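Heads up: the structure comes next, in structure tokens.
Keep in mind it's a predicted model, so treat the numbers as computed, not measured.
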Amino acid sequence: HAKDLSLASDGAFGKFDKQQLQRGFQVYKEVCAACHSLKLVAFRDLTALGYNEAEVKAIAAGFNVPGLDPNTGEANSRPGTATDKFPKPFANDIAARAANNNAVPPDLSLMTKARHDGAAYVYSLLTGYQAVPANLPKESRPGTGLHYNPYFANLNLAMAPPLTGDDQVTFDDGTKATKDQMAKDVAAFLTWTAEPKMEARKTAGWASLIFLIIFTALCYLSYRTIWADKKH
């Protein structure tokens, strides 16, 4: 079972904590982006996290994205722009497997939607690496290059622990970057990438519910008024 994780976005009235999302993005950019893509997220989407236009342009320019030479038509790479989506870190699956013990790192755009327990799964996985238990059956023990993690389906991961210790990143808001904090923050960020319109959906849901309650009450009062003198 996943560890308990409480985020500001949880519940019917939950809203994203933009500071936490920015910290989570920083963890993704400095740690996770080396292996994992966010193919469904454009750089300009980061304005929802509180970044201004100039900051988004600077972030985008720090990534190289696939392009074409306008003179020759040959493939090349160029600095990203705000309209680009986050690029894949590897040219193809062959290159990805070669760099990751024959495993292709999954895209993280919808990871918290694709896994049972969502953000809690991501948090548990990142903080769940541990020594192999002495009583673990031989067939379940990790092979060469694999790492034991009880929160992963088959217990053994090709991905080495990405969060190796405290202060692996330096948060701009001064928050202490413990391993636990970094795991929580990137889990919150991936909750946003999977459902960036969550706040709007909740607002629309509550507005619809209030409308239906009022409409139902009016219908009931109309019924009582219309049929008041028809009953015996």
Side-chain angles (χ1 to χ4, degrees), residues 1-10 17 20-41 86-171 175-195:
H1 297 290
K3 300 178 183 180
D4 290 333
L5 176 65
S6 178
L7 297 176
S9 57
D10 292 343
D17 178 343
Q20 184 174 44
L21 296 186
Q22 288 191 14
R23 293 196 303 267
F25 168 64
Q26 192 174 348
V27 175
Y28 167 77
K29 182 178 69 171
E30 297 184 24
V31 180
C32 309
C35 297
H36 295 276
S37 58
L38 283 178
K39 65 181 181 182
L40 300 182
V41 182
F86 281 84
K88 294 181 179 180
F90 302 103
N92 50 54
D93 286 354
I94 296 175
R97 289 183 185 280
N100 292 279
N101 198 31
N102 205 36
V104 178
D107 180 82
L108 297 182
S109 304
L110 301 176
M111 184 56 65
T112 58
K113 284 290 188 181
R115 296 292 186 270
H116 183 63
D117 292 321
Y121 166 81
V122 173
Y123 166 69
S124 300
L125 191 76
L126 291 174
T127 58
Y129 289 89
Q130 54 191 261
V132 181
N135 61 348
L136 190 69
K138 183 178 180 180
E139 60 272 15
S140 298
R141 289 180 170 274
T144 303
L146 299 180
H147 307 270
Y148 178 74
N149 192 317
Y151 297 98
F152 191 62
N154 68 2
L155 306 181
N156 301 307
L157 268 170
M159 178 176 71
L163 301 178
T164 55
D166 296 349
D167 299 319
Q168 193 170 342
V169 302
T170 301
F171 289 132
T175 299
K176 175 68 174 177
T178 64
K179 184 164 71 171
D180 189 74
Q181 185 68 55
M182 290 186 287
K184 288 180 179 178
D185 292 344
V186 78
F189 171 68
L190 293 179
T191 300
W192 171 79
T193 65
E195 196 172 5

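A search for salt bridge (charged side-chain N to carboxylate O under 4.0 Å, His left out) contacts involving K176 returns D167, not counting sequence neighbours. When the side-chain contact (heavy atoms from CB on, under 4.5 Å) test is applied to L40, the partners found at least two apart in sequence or on another chain are S109, L110. Legend: residues meeting side-chain contact (heavy atoms from CB on, under 4.5 Å) with H147, ordered by chain and number and at least two apart, are Y129, A160, P161. When the side-chain contact (heavy atoms from CB on, under 4.5 Å) test is applied to V132, the partners found at least two apart in sequence or on another chain are L136, R141, P142, Y148.
Side chains of F171 and V27 form a contact here, defined as non-hydrogen atoms less than 4.5 Å apart. Side-chain contact between Q168 and L163 is present, with heavy atoms from C-beta onward closer than 4.5 Å. In this structure, P106 and M111 have side chains that are in contact, with non-hydrogen atoms separated by less than 4.5 Å. Considering only heavy atoms from C-beta on, L38 comes within 4.5 Å of L190 through its side chain. Counting only heavy atoms from C-beta outward, the side chains of W192 and V41 approach each other to under 4.5 Å.
For residues 180-190, the pairs satisfying side chain to side chain donor-acceptor pair (under 3.5 Å) are Q20-D185, R23-D185, Y123-D180, D180-K184, Q181-D185, with sequence neighbours left out.
Closest approach of T127 to A183, counting heavy atoms only: CG2-CB, 3.5 Å. Across A187 and T112, no two heavy atoms sit closer than the pair O-CG2, 4.2 Å.
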Subject >> L108/V122 under side chain to side chain contact (heavy atoms under 4.5 Å, CB included): CA gap, chis, key distance, verdict >> reply: CA-CA 10 Å; L108 297 182; V122 173; over 6 Å; no

Original post:
Between C32 and V186, does a side chain to side chain contact (heavy atoms under 4.5 Å, CB included) hold up when you go through it step by step?
Top reply: CA-CA 9 Å; C32 309; V186 78; 4.2 Å; yes

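Using cut-offs of 30° and 60° for the angle between ring planes, the F25 and F86 rings count as perpendicular.
M159 CE to L126 CG: the interatomic distance, rounded to the nearest 0.5 Å, is 6.0 Å. Annotation: the span from T191 atom OG1 to L21 atom CG amounts to 8.5 Å, rounded to 0.5 Å. Taking CG from N149 and CD from Q130, the interatomic distance works out to 7.0 Å, rounded to the nearest 0.5 Å. Taking CG from D10 and CG from L5, the interatomic distance works out to 7.0 Å, rounded to the nearest 0.5 Å. Atom CD of E30 and atom OG1 of T170 lie 7.5 Å apart (nearest 0.5 Å).
Between L146 and the choices N101, L155, N154, the side-chain contact (heavy atoms from CB on, under 4.5 Å) rule is met once, by N101.
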Show every donor-acceptor pair shorter than 3.5 Å between a side-chain atom in residues 87-100 and any protein atom, with sequence neighbours excluded, or say none if there are none.
residue : atom : partner : partner atom : Å
N92     : OD1  : I94     : N            : 3.1
N92     : OD1  : A95     : N            : 2.9
R97     : NH1  : N102    : O            : 2.9
N100    : ND2  : A96     : O            : 2.8

